[in-house]
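To keep things clear, I will list the structure first and then write my remarks on it.
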Amino acid sequence: MFKLISILLRGRAHDAEQAFADHHAVPLLSQQIRDAAQQIQSARRSVAVAIAQNEQEKGQHATIVARIADLENRACAALDRGNDGLAREAAEAIAFLEAERDASEKAQAQFTAGIDKLKSIVRASEARLQALQRGERLARATEQAQKLDVVVAGPGLATLDEAEETLARLRLRQSQNDLTAAALKEMEGSIRPAGIIEKLANAGCGPALHSTADDVLARLKSRITPAA
């Protein structure tokens, strides 16, 4: 009995944990991506440190090789002079340096292999991170769209309908106001004496109220050409 209760409690705890994770999936994904990005950045620094150490090892190797060459030349000179004791000391130093050289070359080979492997891991991790970041952006956009869909399908739908009706009434009222203003202007122009006079003048009844281009041109010509 106690075993069944324990299993049931663990099952409910798992369901509750899964439900919580599903409900907060997007922020959880964002934090996991940030954690992964930090780990990748740490891996990049490790690769940079390994490369720097390898370069340092190469410099030490070059120094050792140069010292071996120098000692060999000096040992040969000592042998030429018959100084076998000094030449032997040089030979012992050369043997020690050759062992250092071999160890350095082995270390460089290990560094190179390790660096290549680390670079491959970092590149693969960066590609996965970029895919996750794209997926996160898509997930956020989908979540926002789904929220909007729920709002529109629920109470938001009525709000949109009401807004559309309000806009239609507003446009109708503005159109009516424009028509009313135009009608008032026309009525005012037809009732005012000045408006009637303007209509008569435009119809050719009586002198024109405004000079035309032909009138101005005739007046200018009369100034140039005096009457006979």
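Between the CZ atom in Arg137 and the CG atom in Leu132 there is a gap of 11.0 Å [rounded to 0.5 Å]. Ile115 CD1 to Ser46 OG: the interatomic distance, rounded to the nearest 0.5 Å, is 11.5 Å. The line from CD of Gln60 to CD of Gln108 is 9.5 Å long, rounded to the nearest 0.5 Å. Between the CZ atom of Arg140 and the CG atom of Leu138 there is a distance of 12.0 Å, given to the nearest 0.5 Å. Distance check, rounded to the nearest 0.5 Å: CD1 of Ile33 to CD1 of Ile40 gives 10.5 Å.
Within the structure, every pair that satisfies the salt bridge (Lys or Arg N to Asp or Glu O under 4.0 Å) test and touches residues 29-51, not counting sequence neighbours, is listed here: Arg44-Glu126. Screening residues 47-60 for salt bridge (Lys or Arg N to Asp or Glu O under 4.0 Å) gives Glu55-Lys58 as the qualifying pairs, with residues at least two apart or on separate chains. Among residues at least two apart or in separate chains, there is no salt bridge (Lys or Arg N to Asp or Glu O under 4.0 Å) pair with a member in residues 100-120.
Closest heavy-atom contact between Ile64 and Leu97: CG2-O, 3.3 Å. The two atoms that bring Leu71 and Ala90 nearest to each other are O-CB, 4.3 Å, heavy atoms only.
A side-chain donor-acceptor contact under 3.5 Å links Asn73 to the backbone of Ala69.
Val65 and Ile94 fall into different hydrophobic clusters, defined by Ile, Leu, Val, Met, Phe, Trp and Tyr side-chain heavy atoms under 4.5 Å apart, directly or through other members.
A donor atom on one side chain and an acceptor atom on the other are found under 3.5 Å apart for Glu136 and Ser30.
Put simply, the side chain of Glu89 reaches to within 4.5 Å of the side chain of Leu86, judged on heavy atoms.
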